[in-house]
Participant: 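Before I ask anything, let me first share the structure, which is written out below as structure tokens.
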There are 2 protein chains.
Amino acid sequence: MVSRVSPKVADPAVRTTLIETAARLLATEGALTLRRLADEVGTSTMAIYTHFGGMNELRREVRREGFARLAEHMNGVATSRDPVTHLSLLGWAYFTNAITNPNLYRAMFMEQPIDLEDAASGIETFQTLVTSIQRCIDAGRLSPADAVELATQIWAVTHGLVALHLTGFLELDQASESLAGASLNLLVGYGDDRRAAHRSIGRARGMIGR
Amino acid sequence: MVSRVSPKVADPAVRTTLIETAARLLATEGALTLRRLADEVGTSTMAIYTHFGGMNELRREVRREGFARLAEHMNGVATSRDPVTHLSLLGWAYFTNAITNPNLYRAMFMEQPIDLEDAASGIETFQTLVTSIQRCIDAGRLSPADAVELATQIWAVTHGLVALHLTGFLELDQASESLAGASLNLLVGYGDDRRAAHRSIGRARGMIGR
DNA sequence: ACCATGCCATAGCAGTGCTATAGGTTATCC
DNA sequence: GGATAACCTATAGCACTGCTATGGCATGGT
């Protein structure tokens, strides 16, 4: 039976406000609790349940919000004439985004196992990385290979350095330096000339004032 | 005023029982709560406070226990004549240990920021990796470089793959394959001959029946 | 005007880590 | 051997967490 009267419908603005406030609380206070969020938005705890069903689903939406911001951030890097420079810039964008929003990054990539569809939405921006690598291969800078596999390796080392920093095992400088070093060594392993790779990475670092 | 009588002293056996039970609960149930632990051991919640001071300190001890097991596991790998094979075996040992005890690994390397001294105790086994890499350099397989820096890069990519698997972003097979691939490419970047590195890694994989 | 519909405030549930208090145990001293 | 001081721990209760049953109420179609 389809409802024939349309009573008070959920205000979609409340939904986005909840997500954005949740992301802000996560960023500023480092934690996200149901009651704290309800107080901040000025509603009751039930609002979260009518709009999302529970905290898990709300956290999922916060993650999606984080993924969207990350995609926006990475799509914002200018395409360089040197494809390896562009690839390096993508790496720095990912790294910088994580360092700037550590709590959001934790929620996105370091929390308890997430479901498959959620992981898929997170890998969306992964395609940007794959495309950039494919461009390096097509330009003859890297040896022919599966771009997805190479992208996975670069993603892993970048995420690993970020994660080890966020958990306190690596200082920021160490993580940053190792990102440059590991990128260089991986690129050489991918077939790039060491000097050329070094120049491309240096160019990228120069472009972001590092 | 120094106490001149020595009353009932804390039973050290209770302490180790608490740590081991906590590690077991973390492994079997995936979560560790104060009351659950107290029930399991058959004591009251106060025991945790007299022995550790709180859940944070208990969790720290569980981490130390995990670090000890990891060190034991990695020190147990046989030294091969081929230093790169040994290095590869270390990587697989780390990877296997993490996959076998995912919850303990999470507690050790993926939880909220840990304090410096705790991170130091975790890096203890890191020295094993550094030594193995230094041996590769000394044997002429890898170009002269800072072994600590190279070890950081290998650690980062291995941890990154493990972490991405544990959070659901990578299937186990993908993580496993990328570990081999990234190791190969990094080794080439470190100066090893591609064929030689491939052979050394393959030898390691053969030794662990993979 | 009616009223079905669905949002949301209230109050309460079981669970969490933590703590104040009181009782019990034990090694030492006289 | 008894008294004593020091220490451990069981009990009960605190504030907090996510969650839910309930009922009031605003809304928009009839």
Participant: Under 4.0 Å, heavy atom to any atom of DNA chain C: which of residues 27-35 of chain A qualify?
Facilitator: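 The stretch gives A/R35 as the residues lying under 4.0 Å from the strand, ordered by number.
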Participant: Give a yes-or-no answer on whether the side chains of A/S80 and A/R203 include a donor-acceptor pair shorter than 3.5 Å.
Facilitator: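 No pair is found: no donor N or O on one side chain lies under 3.5 Å from an acceptor on the other.
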Participant: Would you call the rings of A/F169 and B/F109 parallel, tilted or perpendicular, where under 30° means parallel and over 60° means perpendicular?
Facilitator: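 A/F169 vs B/F109 ring planes: tilted.
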Participant: Atom CZ of B/R59 to atom C1' of C/dT16: distance rounded to whole Å?
Facilitator: 10 Å
Participant: Any salt bridge between A/R205 and A/E177, counting N to O under 4.0 Å?
Facilitator: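 So A/R205 pairs with A/E177 through a salt bridge.
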Participant: State whether A/E111 and A/R63 are salt-bridged, where the test is any N-O pair (Lys NZ or Arg NE/NH1/NH2 against Asp/Glu carboxylate O) under 4.0 Å.
Facilitator: no
Participant: How long is the line joining CD of A/E57 and P of D/dG18, in whole Å?
Facilitator: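 Those two atoms, CD and P, are 13 Å apart.
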Participant: Check the distance between D/dT17's C1' and A/N56's CG and give it to me in whole angstrom.
Facilitator: 13 Å
Participant: Rounded to the Å, how far apart are B/Y49 OH and C/dC18 P?
Facilitator: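 It is 3 Å, rounded to the nearest whole Å.
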Participant: Within this structure, what is the CZ-to-C1' distance between A/R36 and D/dT17, rounded to whole angstrom?
Facilitator: 14 Å
Participant: Working to the nearest 0.5 angstrom, can you tell me the gap between A/S200 OG and A/D192 CG?
Facilitator: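 Rounded to the nearest 0.5 Å, the OG-CG separation comes to 6.0 Å.
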Participant: If you take any heavy atom closer than 4.0 Å to DNA chain D, which residues from residues 37-44 of chain A end up in contact?
Facilitator: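 Within this stretch, nothing sits under 4.0 Å of the strand.
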Participant: What's the separation between atom OG in B/S132 and atom CD1 in B/I137, rounded to the nearest 0.5 Å?
Facilitator: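 One gets 10.0 Å once the value is rounded to the nearest 0.5 Å.
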Participant: Assert yes or no for the condition that the ring centre distance of A/Y94 to A/Y105 is strictly below 6.0 Å.
Facilitator: yes
Participant: Using a heavy-atom cut-off of 4.0 Å across all strands, would you classify B/M46 as base, sugar-phosphate, or nothing?
Facilitator: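 B/M46: base contact, heavy atoms under 4.0 Å.
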Participant: Separation of A/M55 atom CE from D/dT17 atom P, in whole Å?
Facilitator: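 Roughly 10 Å, once rounded to whole Å.
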Participant: With rounding to the nearest 0.5 angstrom, report the OG1 to CE distance, B/T167 to A/M108.
Facilitator: 11.5 Å
Participant: Heavy atom of residues 15-25 of chain B under 4.0 Å from DNA chain D: which residues?
Facilitator: none
Participant: Give, for atom CG of B/L32 and atom CG of B/L58, the distance between the pair rounded to the nearest 0.5 Å.
Facilitator: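 Rounded to the nearest 0.5 Å, the CG-CG separation comes out at 6.0 Å.
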Participant: Can you tell me the distance, in whole Å, between the CD1 atom of B/I48 and the C1' atom of C/dT16?
Facilitator: 13 Å
Participant: Is the shortest distance from a Lys or Arg side-chain nitrogen in A/R24 or A/E20 to a carboxylate oxygen in the other one below 4.0 Å?
Facilitator: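 A salt bridge is absent here (no side-chain N lies under 4.0 Å from a carboxylate O).
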Participant: Do B/Q153 and B/L186 touch side chain to side chain, with heavy atoms closer than 4.5 Å?
Facilitator: yes
